[in-house]
Amino acid sequence: MSKVKVWDGFVRSFHWLLVIAIATLYFSAEEGMLELHFVAGFFTLALLATRLIWGLIGSKTAKLSSLLHSPVAALKSFTQANHNAGHGAAGSYMVLAFFVLLLVQLVSGLMTSDDILTDGPLVQYVSSDTVDFAGWLHRLNFDILFYAIVLHIVAIVAYRIAGKNLVKPMVTGYSEQVASTATVTKSPLLAFIIFAVCLLIVFTTWGKEPLSYLLN
Ligand code: HEM
Ligand code: HEM
């Protein structure tokens, strides 16, 4: 098998920035540092929005359409090694689940209030019942997200024990365990430009206040 580039620079940056952002979101919520929580939340919103756009126009292995596999293919992938570039069939379900969980977490956060001083930016537009529901969902969904992360890490370790190192490609971009040498990645430049634009939008609007609080 030859060495092939499987993950472009944006997908890799997305992954590791997401890990840092979620750790920051958890820590800031636990410590009651809601300005930091909001800044990390808006950062995650820009990150996920870019990843979803890149899922439409980006590299072959970043495409959302490449994540769609039949449940039969997912079951088979537990017994057959995946020598194709990109997520395996079962892994794709995990990735889709992460995207949905993150969207629910972000949207519910925007409508959550700490009932004291700090309101998500959409709180003013919805009823108090919706705010209560969003807060409940924000807490429940985080628990589900947490178990999904544990499962994700257990799966990565299980693959490692079975002889497949998935972490190295997510760090370097390259895999030595792919059968075809066809090019499957694009330059990530456009993705980084889209990310910069998304960051600019969130931090000149909703994110302006908490960011200036943190910087002062
Ligand atoms: C907050 C914790 C984490 C979250 C939310 C998370 C989420 C994700 C997501 C969404 C993907 C898909 C990437 C994409 O296509 O854009 C992914 C892939 C991956 N993650 Fe994580 N991850 C987390 C922690 C970790 C950790 C700690 C490791 C390493 C030990 C890791 C290793 C990987 C690897 C190797 C892949 C690629 C899997 C494959 O080859 O199909 N992740 N993760
Ligand atoms: C993926 C992104 C996010 C994660 C992982 C996350 C995680 C959490 C966690 C773990 C809590 C503590 C829940 C508890 O008390 O048990 C929390 C609380 C909170 N989050 Fe988020 N959050 C995210 C995004 C957001 C966003 C974007 C906003 C709003 C801009 C937000 C607003 C809040 C508020 C206001 C609270 C306090 C609720 C209370 O005091 O009961 N969150 N979040």
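Since this is a predicted model, take the numbers as computed values, not measurements. Read the numbers this way: they start at 1 and go in the same order the structure lists the ligands and their atoms.
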* Can you tell me the protein heavy atom closest to atom 16 (O) of ligand 1 and the distance? -> Arg51 NE, 2.6 Å
* Taking the six-membered ring for Trp, are Phe195 and Phe43 ring centroids under 6.0 Å apart? -> yes
* Between Lys168 (side chain) and Glu176 (backbone), is there a donor-acceptor pair under 3.5 Å? -> no
* With a cut-off of 4.0 Å, which atoms of ligand 2 are near a heavy atom of Phe142? -> 5 (C), 7 (C), 10 (C)
* Structure fact -> Restricting to heavy atoms, the pick from Ser108, Ser113, Ala29 nearest atom 9 (C) of ligand 2 would be Ala29
* Structure fact -> Counting from 1 in the order shown, the ligand 1 atoms closer than 4.0 Å to a non-hydrogen atom of Val95 are 12 (C)
* Asked: Any idea which of Gln177, Lys63, His152 brings a heavy atom closest to atom 23 (C) of ligand 1?
  -> His152
* To do: Calculate, to the nearest 0.5 Å, the distance between atoms CG and CZ belonging to Asn141 and Phe146 respectively.
  => 14.0 Å
* Nearest protein heavy atom with distance in Å, relative to atom 4 (C) of ligand 1 -> Phe98 CZ, 4.1 Å
* **Atoms in ligand 1 with a heavy atom of Val11 nearer than 4.0 Å** => 14 (C), 16 (O)
* To do: Please state which part of Pro121 comes within less than 4.0 Å of ligand 2, counting heavy atoms only: side chain, backbone, both or neither.
  => side chain
* Asked: Looking at ligand 2, does Thr112 have a heavy atom less than 4.0 Å from it?
  -> yes
* To do: For atom 30 (C) of ligand 1, find the nearest protein heavy atom and state the residue, atom name and distance (0.1 Å precision).
  => Val167 CG2, 4.0 Å
* Who's the nearest protein heavy-atom neighbour of atom 28 (C) of ligand 1, and how far? -> Trp16 CH2, 3.8 Å
* **Per-atom contacts of ligand 1 with Ile156, taking only distances under 4.0 Å to non-hydrogen atoms** => 32 (C), 33 (C), 34 (C), 35 (C)
* Asked: Stepwise, does the side-chain contact (heavy atoms from CB on, under 4.5 Å) test hold for Leu18 with Phe98?
  -> CA-CA 11 Å; Leu18 181 65; Phe98 269 133; over 6 Å; no
* Asked: Hey, is Trp206 touching ligand 2 through its side chain, its backbone, both or neither, going by heavy atoms under 4.0 Å?
  -> neither
* Asked: Which residue and non-hydrogen atom of the protein lie closest to atom 17 (C) of ligand 1, and at what distance in Å?
  -> His15 CD2, 3.2 Å
* To do: Specify side chain, backbone, both or neither for Met94, according to which of its non-hydrogen atoms lie closer than 4.0 Å to ligand 1.
  => neither
* Note the single closest protein heavy atom to atom 27 (C) of ligand 1, along with its residue, its atom name and the distance in Å. => Ile153 CD1, 3.8 Å
* To do: Could you list which atoms of ligand 2 come closer than 4.0 Å to a heavy atom of Asp114?
  => 39 (C), 40 (O)
* **For atom 37 (C) of ligand 1, closest protein heavy-atom neighbour** => Met170 CE, 3.7 Å
* If you measure every N/O of Trp7 against every N/O of ligand 1, is any gap under 3.5 Å? -> no
* To do: Please name the pair of heavy atoms, one in Glu35 and one in Leu214, separated by the smallest distance, quoted to 0.1 Å.
  => CB-CD2, 4.1 Å
* **Passing candidate, side-chain contact (heavy atoms from CB on, under 4.5 Å) with Thr44, options Leu17, Val202, Val39, Leu106** => Leu106
* Find all atoms of ligand 1 within a distance of less than 4.0 Å from any non-hydrogen atom belonging to Leu166, and give their numbers and elements. => 35 (C), 40 (O)
* For atom 3 (C) of ligand 1, what is the nearest protein heavy atom, given as residue, atom name and distance? -> Val19 CG2, 3.9 Å
* Asked: Evaluating non-hydrogen atoms only, which member of Arg139, His37, Gln105 is closest to atom 42 (N) of ligand 2?
  -> His37
* Structure fact -> ligand 1 to Ile149, heavy atom cutoff 4.0 Å, flagged ligand atoms 1 (C), 2 (C)
* Structure fact -> Counting from 1 in the order shown, the ligand 1 atoms closer than 4.0 Å to a non-hydrogen atom of Phe14 are 16 (O)
* To do: Check whether any N or O atom of His87, backbone or side chain, sits under 3.5 Å from an N or O atom of ligand 1, and answer yes or no.
  => yes
* Look at atom 24 (C) of ligand 2 and find which of Glu30, Met111, His138 reaches it with the closest heavy atom. => His138
